[in-house]
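Notes to accompany the following structure.
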Amino acid sequence: MKQANRGISWFWMSWGIFVSGLLVMAFGIALMIRAEAGSAPWDVFHIGLYQQFGLTIGTWSIIIGFVIIGATSLLERSLPKLGAFLNMLLVGVFIDIYLWLPFLKTPDHLPGKLVMLISGILIMGYGIGLYIAADRGAGPRDSLMLVLTERTGWKVQRIRLSMEMVVLFLGWLLQGPVNIGTLLFCITIGPIVGYSLPQCKTFVARLIERGGRNEDINKRKIRINDYDGVSKKAR
């Protein structure tokens with residue numbers, strides 16, 4: 001019974017961590033967009049679609065994610081995983097919410113834009129690390145990348161680079177924001193996630209361990225004077 005309760009507790013905790021990671025990642029994306037110094041390749045594509053056809057950036061993120069999930073499902077001949085679906089939906093919603101915040105404005109000067117840009121990349125890297133550490137499934141784009149890797153036999157890096165080059169070119173054709181930030185993101189996001197992911201995994205493991213101790217009172221040290229309010233005065 002204890003093991004079952006612990007499993008249920010971890011199930012809900014992991015989804016909470018997953019959604020928290022998406023919140024953090026979406027905030028990083030919004031900061032990069034607001035910096036107006038260049039965005040990540042997929043966001044260049046989403047912003048280009050928004051500029052040419054309307055709707056919102058988050059809406060286009062969801063639409064493209066839906067198309068990618070559909071393509072991945074066809075290639076795998078299986079239904080999409082819940083984690084990929086929630087990633088597609090929530091990230092788009094969170095991006096729009098952040099971009100609607102009245103205090104999240106583009107800085108007037110270049111140094112401010114660069115600070116916002118770099119902060120966005122760092123925050124996005126830790127958001128990615130956190131949602132991956134929750135182990136609730138890959139996002140739509142990563143799912144497609146993994147399927148294409150299996151089908152083609154190419155290395156993951158080659159597939160990722162090819163996908164991002166294609167969407168970056170399409171985003172550029174749509175007049176999306178290709179700038180120094182785009183290059184900076186492509187160069188740094190891999191090392192940042194490589195650094196943040198082990199930290200996030202350690203953080204999640206500690207949460208699990210703490211949750212397990214809280215659920216099993218027999219593993220905790222019980223001090224009889226903790227709650228009586230008398231012994232402290234007596235001492």
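None of these values were measured; they are calculated from a predicted model.
Nearest heavy-atom pair across A84 and S143 is CB-OG, 4.2 Å. Smallest separation of non-hydrogen atoms from S162 and W154: OG-CZ3, 4.1 Å. The heavy-atom pair separating M163 from L148 by the smallest distance is SD-CD1, 4.2 Å. Shortest non-hydrogen contact noted between L130 and C200 is N-SG, 3.5 Å. The nearest pair of heavy atoms linking V193 to P198 is O-CD, 4.2 Å. The two residues A134 and S14 come nearest to each other via the heavy atoms CB-O, 3.4 Å.
Residues K105 and R34 form no side-chain contact, since every pair of their non-hydrogen atoms from C-beta on lies 4.5 Å or further apart. Taking 4.5 Å as the limit, every side-chain heavy atom of D43 sits out of range of all side-chain heavy atoms of M32. Looking at P41 and F185, their side chains come closer than 4.5 Å, going by heavy atoms from C-beta outward. Within the 4.5 Å cutoff, the side chain of L75 has heavy atoms near those of the R151 side chain. The closest side-chain heavy-atom distance from L144 to I159 is not below 4.5 Å. Residues V44 and V167 form no side-chain contact, since every pair of their non-hydrogen atoms from C-beta on lies 4.5 Å or further apart. Counting only heavy atoms from C-beta outward, the side chains of V91 and I29 approach each other to under 4.5 Å. Within the 4.5 Å cutoff, no side-chain heavy atoms of F18 are placed close to those of D135.
Atom OG1 of T188 sits about 7.5 Å away from atom CG of L122, to the nearest 0.5 Å. Here the CD1 atom belonging to I47 is positioned 9.0 Å from the CD atom belonging to E36, to the nearest 0.5 angstrom. Considering CG of L197 and CD1 of I192, their distance stands at 13.0 Å, rounded to 0.5 Å. To the nearest 0.5 Å, the span separating CD1 on I123 from CD1 on I128 amounts to 12.5 Å. Remark: I95 CD1 to W100 CH2 distance equals 11.5 Å, nearest 0.5 Å. We find the CG-CZ distance between L174 and F169 to be 10.0 Å, quoted to the nearest 0.5 Å.
When the shell of 6.0 Å around CH2 of W15 is examined, it contains more than 12 heavy atoms from other residues, nucleotides or ligands. No more than 12 heavy atoms of other residues, nucleotides or ligands shown are found within 6.0 angstrom of CD on Q175.
Note on I97: it clusters hydrophobically with M88, by side-chain heavy-atom contacts below 4.5 Å among ILVMFWY residues. A single hydrophobic cluster is not seen to contain both I118 and I180; linkage of ILVMFWY side chains at heavy-atom distances under 4.5 Å, directly or through other members, places them apart. The cluster map of Ile, Leu, Val, Met, Phe, Trp and Tyr, joined by side-chain heavy atoms under 4.5 Å apart, puts I187 and I189 in different clusters. In the hydrophobic clustering of ILVMFWY residues, with side-chain heavy atoms under 4.5 Å counting as a link, L82 and V147 come out together. Taken together through direct or relayed side-chain contacts under 4.5 Å among Ile, Leu, Val, Met, Phe, Trp and Tyr, L184 and Y195 form parts of separate hydrophobic clusters.
In this structure a side-chain-to-backbone donor-acceptor pair under 3.5 Å is missing from S61 to I57. Checking side-chain atoms of T182 against main-chain N and O of G38 turns up no donor-acceptor pair under 3.5 Å. Judged by distance alone, the side chain of S196 and the main-chain N or O of G125 form a donor-acceptor pair under 3.5 Å. Side-chain N or O atoms of T59 include none that pairs as donor or acceptor with a backbone N or O of L55 at under 3.5 Å.
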Subject >> Trace of the side chain to side chain contact (heavy atoms under 4.5 Å, CB included) decision for M124 with F27 >> reply: CA-CA 7 Å; M124 187 177 174; F27 184 57; over 6 Å; no
Original post:
Can you list the steps and then say if M25 with Y126 is a side chain to side chain contact (heavy atoms under 4.5 Å, CB included)?
Top reply: CA-CA 7 Å; M25 181 175 72; Y126 271 87; over 6 Å; no
**OP:** Decide side chain to side chain contact (heavy atoms under 4.5 Å, CB included) for R158 and T152; before the verdict, give the C-alpha distance in whole Å, the side-chain angles of both, and the deciding distance to 0.1 Å.
**Re:** CA-CA 11 Å; R158 187 177 178 184; T152 62; over 6 Å; no
**OP:** Go through the steps for L86 and Y131 under the test side chain to side chain contact (heavy atoms under 4.5 Å, CB included), then give the verdict.
**Re:** CA-CA 11 Å; L86 287 178; Y131 101 73; over 6 Å; no
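By the salt bridge (Lys or Arg N to Asp or Glu O under 4.0 Å) test, R160 is found to be paired with D142, E164, residues two or more places apart in sequence or in another chain being considered. Contacts of I64 classified as side-chain contact (heavy atoms from CB on, under 4.5 Å), with partners at least two apart in sequence or in another chain: W42, F45, H46, L49, I68, R141.
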